[in-house]
Amino acid sequence: MTELRWSAVKSHKTFLCKLDERPTGRQARAVGGRLSRFSYDDTGFKYLFGYRLANARAATDEGVGLVVSLQAGEAMALPNASIKILMCGRAYETYSDEELSFRYLSKSPVTPLALSPNYNLSPTQNSPVLRLVAGERQFDQMRWQLVPAWEPAFTTKLSTINARSETVFESRLYRHLVVRRRCIVPLSGFYEWKKADDGKRPFKIHLRDEPIMSVAGIWDTWHPGAPEERYSFSIMTTAANEFMREIHDRMPVILDRQYEDAWLDPEIHEQEALQKLLKPCPSSWLVAAEISTLVNSPKNNTPAVLQPVAAKSS
DNA sequence: CCAGACGTTGTT
DNA sequence: GTCTGG
DNA sequence: CCAGACGTTGTT
DNA sequence: GTCTGG
């Protein structure tokens with residue numbers, strides 16, 4: 001029997017351990033901790049919550065998954081264990097219809113988008129997106145998190161809120177989109193969380209000299225032509241520039257205004273030409289301010305989210 | 001041929 | 001839908 | 001990105 | 001921990 005002591009655990013939490021051998025129900029029952037909510041199947045496998053079942057079965061080649069919950073400092077004994085412990089975007093849009101139209105269409109809004117400020121744009125929410133339709137710039141509301149056309153429902157389990165610019169031309173999922181379906185996501189700014197000893201500290205990042213940044217994106221149509229037709233998009237990411245590296249090692253691709261036309265033009269297909277646009281913007285374009293953790297919950301959508309906290313050395 | 005992946009970020 | 005792996 | 005859920009049987 | 005939802 002090997003004993004584990006979870007001294008690092010600060011509060012009640014659930015862990016996934018990986019065992020070389022499956023504990024029997026009796027042993028597992030005897031070890032203490034908070035095991036009252038396990039269930040069993042008829043082969044003696046032990047589960048906590050339904051989806052753990054799949055994890056446990058999938059792991060049989062390398063060991064068996066067992067989920068346990070312990071209080072801080074609680075110990076738990078496990079049989080025959082060389083135990084491995086598997087413990088292992090957000091943005092804001094405060095511009096108006098008018099500001100958006102003058103910035104990108106050089107005119108008043110023809111078909112108003114009826115925008116209201118979003119201080120906490122989160123994945124799966126809609127955002128106005130600029131693309132070229134029949135040669136004309138056009139805004140449409142699209143869902144942030146690209147849903148591939150072949151998904152049976154307008155949702156996906158894939159992590160498609162971002163697309164890595166370094167590999168997007170090789171990606172089975174994205175490569176045909178980056179060649180023909182590019183778009184611009186107009187953001188007032190975006191948020192990043194900086195890891196610190198005391199947890200994650202959120203920052204807002206925006207352009208120093210412009211109220212709106214043009215973020216490179218790709219979009220797709222789900223069930224094209226059908227009544228339930230929907231649009232969705234993904235934001236291109238790249239390595240952090242020197243400025244952003246203080247906060248995070250990745251950042252969105254912010255386009256130079258002179259390259260916006262090229263990025264939107266669906267007739268441009270050459271990878272080399274497009275790849276040149278997918279670079280980190282100059283550090284001098286950006287400013288950042290630490291904000292409160294109010295931003296953490298997507299439910300908080302008020303101007304207070306943008307309020308800087310007192311300056312602090314980092 | 002069919003089955004299964006297709007993605008990102010961050011952490012160990 | 002399209003590609004890779006078995 | 002973060003927040004929040006994550007389960008069953010039987011009984012009231 | 002993993003997964004889903006916003």
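Reminder, nothing fancy here: chain letters follow the sequence lines and each chain counts from 1. The figures that follow rest on heavy atoms only: side chains count, while hydrogens, waters and symmetry mates do not. Predicted model only: the values in this text are computed from it and were never measured.
Nucleic acid contact for A:Thr124: base, since at least one base atom lies under 4.0 Å from a heavy atom of the residue. Within the 4.0 angstrom heavy-atom criterion, only backbone atoms of the sugar-phosphate kind lie near A:Arg175; the bases stay farther away. A:Ala91 comes within contact range of no nucleotide atom at all, as no heavy-atom separation falls under 4.0 Å. Note on A:Asn120: nothing from the nucleic acid sits closer than 4.0 angstrom, heavy atoms only. At a threshold of 4.0 angstrom between heavy atoms, the contacts of A:Leu158 include nucleobase atoms, whether or not backbone atoms are also involved. Backbone-only engagement by A:Thr237 is indicated by non-hydrogen atom pairs under 4.0 Å involving sugar-phosphate atoms exclusively. A:Ile161 comes within 4.0 angstrom of a base, heavy atoms only. Counting non-hydrogen atoms under 4.0 angstrom, A:Tyr174 reaches the backbone sugars and phosphates but no base.
The same atom, P, is picked in B:dC2 and in E:dG6; the two are 37 Å apart, to the nearest Å. D:dA5 and B:dA5: their P atoms are spaced 29 Å apart (whole Å). Nucleotides B:dT8 and D:dC1 place their C1' atoms 11 Å apart, quoted to the nearest Å. Taking the P atoms as reference points, E:dG5 lies 23 Å from B:dG4, given to the whole Å. Nucleotides C:dT2 and B:dT9, compared at atom P, are 26 Å apart to the nearest Å.
Distance, A:Ile205 CD1 to D:dC1 C1': 12 Å, rounded to whole Å. The distance between atom CG of A:Leu173 and atom C1' of B:dC6, rounded to the nearest whole Å, is 5 Å. Atom P of nucleotide E:dG6 and atom CE of A:Met142 are separated by 21 Å, given to the nearest angstrom. For the pair A:Glu93 CD and E:dG6 P, the computed distance is 18 Å after rounding to whole Å. Atom-to-atom, CD of A:Gln125 to C1' of D:dC2 comes out at 12 Å; the value is rounded to the nearest Å. Computed from coordinates, the A:Phe154 CZ to E:dG6 P distance equals 13 Å when rounded to whole Å. Counting to the nearest Å, the P atom of B:dT9 and the CD1 atom of A:Ile235 are 11 Å from each other. Rounded to whole Å, atom P of C:dC3 lies 13 Å from atom CH2 of A:Trp150.
The side chain of A:Ser122 lies closest to E:dG6, out of E:dG6, B:dT8, D:dC1. For A:Asn162, the listed nucleotide lying nearest its side chain is B:dT8; candidates were B:dT8, E:dG6, B:dC6. Taking the side chain of A:Asn296 as heavy atoms from C-beta on, and the options D:dC1, D:dA3, B:dT9, the nearest nucleotide is D:dA3.
Counting non-hydrogen atoms of neighbouring residues, nucleotides and ligands closer than 6.0 angstrom, the CD atom of A:Glu272 reaches no more than 12 such neighbours.
Across all strands shown, E:dG5 forms a Watson-Crick or G-U wobble pair, both distances under 3.5 Å, with D:dC2. Across all strands shown, nothing is found opposite B:dG7 as a Watson-Crick or G-U wobble partner with both distances under 3.5 Å.
With hydrogens and angles left out, the side chain of A:Ser159 and the base of B:dG7 share a donor-acceptor pair within 3.5 Å.
Of the side-chain N and O atoms in A:Arg172, none sit less than 4.0 angstrom from OP1 or OP2 of C:dT2. Contact annotation: A:Arg164 reaches the phosphate of B:dT9 (side-chain N/O to OP1 or OP2, under 4.0 Å). Remark: A:Lys157 is not in phosphate contact with B:dG7, judged by side-chain N or O atoms under 4.0 Å from OP1 or OP2. For B:dG7, one of the phosphate oxygens OP1 or OP2 lies less than 4.0 angstrom from a side-chain nitrogen or oxygen of A:Ser171.
Salt-bridge annotation for A:Lys276 and A:Glu270: absent, with no side-chain N of the basic residue lying under 4.0 Å from a carboxylate O of the acidic one. Between A:Glu151 and A:Arg230, none of the side-chain N atoms (NZ, or NE/NH1/NH2) sits under 4.0 Å from a carboxylate O, so this pair counts as no salt bridge.
Looking at A:Glu98 and A:Ser101, their side chains never bring a donor and an acceptor atom within 3.5 Å of each other. A:Tyr259 and A:Ser214 are not linked by any side-chain donor-acceptor pair at a separation below 3.5 angstrom, with hydrogens and angles left out of the test. Checked by atom type, the side-chain pair A:Ser171/A:Arg164 shows no donor-acceptor distance below 3.5 Å.
Linking ILVMFWY residues whenever their side-chain heavy atoms come closer than 4.5 Å, directly or via other members, leaves A:Val253 and A:Met213 in distinct clusters.
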